[in-house]
Amino acid sequence: MDYFSRQRSIPDWHQPLIEVQTTLVLGVGGIGCSVARNLCRLGVQEVIIVDCDTVSASNVNRQVLYSTSDVGRSKVSAALDGLKPHCIRTKLTGVECDAVKEWGKIVELTKRSNVVFNGIDVGEYFDYAVTSLCVALGVSYVAASSYGHTAVVDCYPPPLLPRDGPCWACNNSPRDRDILSQLTPTHITQISSLSFLPEDSHMPATQDVGSSVLVTTLAATLATGSWVNSLHGYQLPHWTTCDFTTLSMTSFHVERSLSCLICNQAPRLQCTLYADYISV
């Protein structure tokens, strides 16, 4: 019985390529829940979810893997239960840890992954660290966020040529270069904790800007779709935003920044895994 016959019928769709992917989802909140569900329905090899939080009442309306009976439970445990009905062939792995304080675990999980979906909202320095880790290991970096009526997606596959760029930091580099110099690809895999990172004071809390299942699932679908299409060789914009009130979208390609500390210190052999993808 072929559960993926409709996907195989899509022109230029390569299901065997999907089925060898190990995917790491950092944070199973509003977007991470829907990303993980999408990945299971696509039939990837493994979905690894990471979180350290518990389900609260305000999560239930937009975090689609949870129900009212999950309030108070570990998000990882509840998400694993919520994913089971969506698992056709995918292995599920749950890791309860604080990605900032236990960064060493994130490094090890990324080493066996093909893509990282970053849905942890702790600030731009953490996003920078995840980007640097992905570049160091030749792994795709995908991030998504939502606020109010707006969904935003970043997608940066490994470059086809070493040091070819760009990366997320080419368009979003935080200001303190002293901190950034500690997070370069040559250092990032040796760090065991990111507790030294400053908090992001400019980041609004979700309760202040609002959120709904409409925008979070939209962001998650755009993020998952961007990654899948990049796997198939499509040249997609690196940054996309959608206004849900008008369904208007804005997107653009990011140029590599010559001053980017990550791209300038990217390892020369970072693209091996990506080359393997397109030869499957």
Side-chain angles (χ1 to χ4, degrees), residues 3-4 7-8 13-29 31-51 65 75-77 79-84 86-97 99 102-120 129-144 153-160 167-168 185 188-189 220-221 223-234 267 269-280:
Y3 295 108
F4 301 100
Q7 285 180 189
R8 296 183 201 278
W13 185 277
H14 197 357
Q15 185 63 25
L17 180 66
I18 301 295
E19 293 181 356
V20 297
Q21 304 302 308
T22 295
T23 60
L24 176 58
V25 181
L26 299 181
V28 275
I31 294 173
C33 280
S34 292
V35 165
R37 181 190 61 181
N38 290 348
L39 293 170
C40 287
R41 289 288 178 172
L42 286 168
V44 300
Q45 178 172 284
E46 183 177 7
V47 172
I48 307 168
I49 59 172
V50 174
D51 210 305
L65 297 179
K75 280 192 172 182
V76 167
S77 177
L80 289 175
D81 287 342
L83 284 170
K84 288 177 183 177
H86 302 284
C87 261
I88 302 169
R89 62 172 303 277
T90 300
K91 176 185 177 182
L92 296 177
T93 302
V95 179
E96 288 193 48
C97 77
E102 300 173 87
W103 176 252
K105 291 184 179 180
I106 304 304
V107 172
E108 294 308 310
L109 292 171
T110 304
K111 285 180 179 179
R112 66 184 186 90
S113 301
N114 304 116
V115 59
V116 174
F117 290 90
N118 180 19
I120 295 182
V130 179
T131 296
S132 182
L133 180 61
C134 288
V135 169
L137 299 177
V139 172
S140 293
Y141 174 84
V142 184
V153 172
D154 295 276
C155 182
Y156 292 86
L160 293 176
C167 73
W168 176 89
I188 197 65
T189 60
T221 299
T224 317
S226 295
W227 170 67
V228 169
N229 286 334
S230 70
L231 273 184
H232 284 81
Y234 293 103
L269 298 177
Q270 66 177 4
C271 306
T272 305
L273 288 175
Y274 190 73
D276 288 343
Y277 297 166
I278 59 179
S279 66
V280 172

Value for CZ (F4) from CZ (R41), rounded to nearest 0.5 Å, stands at 9.0 Å
Applying side-chain contact (heavy atoms from CB on, under 4.5 Å) between V116 and each of L24, I48, V25, report the one that passes. L24
Reported CD1-to-CG distance for the pair I120 and D51, which is rounded to 0.5 angstrom: 6.5 Å
For Y234, is there any backbone N or O sitting under 3.5 Å from a side-chain donor or acceptor partner on N229? no
side-chain hydrogen bond (donor to acceptor under 3.5 Å, both in side chains) filter on Q15, not counting sequence neighbours, yields Q7, W13, E19
Below 4.5 Å, heavy atoms only, C-beta onward: do S113 and L137 meet side chain to side chain? no
Decide yes or no on side chain to side chain contact (heavy atoms under 4.5 Å, CB included) for R37 and S34, but give the supporting numbers first. CA-CA 5 Å; R37 181 190 61 181; S34 292; 4.0 Å; yes
Please report the shortest heavy-atom distance between A136 and T189, naming the atom on each side. CB-CG2, 4.4 Å
When L39 is tested against each of T224, V228, L83, I49 for side-chain contact (heavy atoms from CB on, under 4.5 Å), which residue passes? T224
List the steps and the verdict of side chain to side chain contact (heavy atoms under 4.5 Å, CB included) for Q21 and L231. CA-CA 10 Å; Q21 304 302 308; L231 273 184; 3.9 Å; yes
Using every non-hydrogen atom in the two residues, find where I188 and L133 come nearest and quote the distance to one decimal. CG2-CA, 3.8 Å
Closest approach of V20 to N114 (non-hydrogen atoms, all atoms of both residues): O-OD1, 3.6 Å
Could you tell me which residues satisfy salt bridge (Lys or Arg N to Asp or Glu O under 4.0 Å) with R89, sequence neighbours excluded, listed by chain and number? none
Is it the case that the side chain of S132 and the backbone of A129 share a donor-acceptor pair, with hydrogens and angles ignored and the cut-off at 3.5 Å? no
Indicate the atoms forming the closest heavy-atom contact of V142 with C155, along with that distance. CG2-SG, 4.1 Å
If you define the side chain from C-beta out and look only at heavy atoms, does anything of H86 sit under 4.5 Å from V47? no
Looking only at heavy atoms, which two atoms of T131 and W168 are closest? And how far apart? OG1-CB, 3.3 Å
Y156: what forms a side-chain hydrogen bond (donor to acceptor under 3.5 Å, both in side chains) with it, not counting sequence neighbours? none
Side-chain donor-acceptor pair under 3.5 Å between N118 and Y141, yes or no? yes
Between L92 and C40, is there a side-chain heavy-atom distance shorter than 4.5 Å? yes
Which heavy atom in P185 sits nearest to a heavy atom in V135, and how many Å separate them? CG-CG1, 4.3 Å
Would you say that V130 contacts W103 through its side chain, given a criterion of any heavy-atom pair below 4.5 Å between the two side chains? yes
Can you tell whether the side chains of E108 and K111 come within less than 4.0 Å, N to carboxylate O? yes
For E102 and V50, run side chain to side chain contact (heavy atoms under 4.5 Å, CB included): C-alpha distance rounded to whole Å, both residues' side-chain angles, the deciding distance at 0.1 Å, then the answer. CA-CA 11 Å; E102 300 173 87; V50 174; over 6 Å; no
Donor-acceptor under 3.5 Å (T23 side chain, V115 main chain): no
Which distance, rounded to the nearest 0.5 Å, do you find between the CH2 of W227 and the CG of L42? 7.5 Å
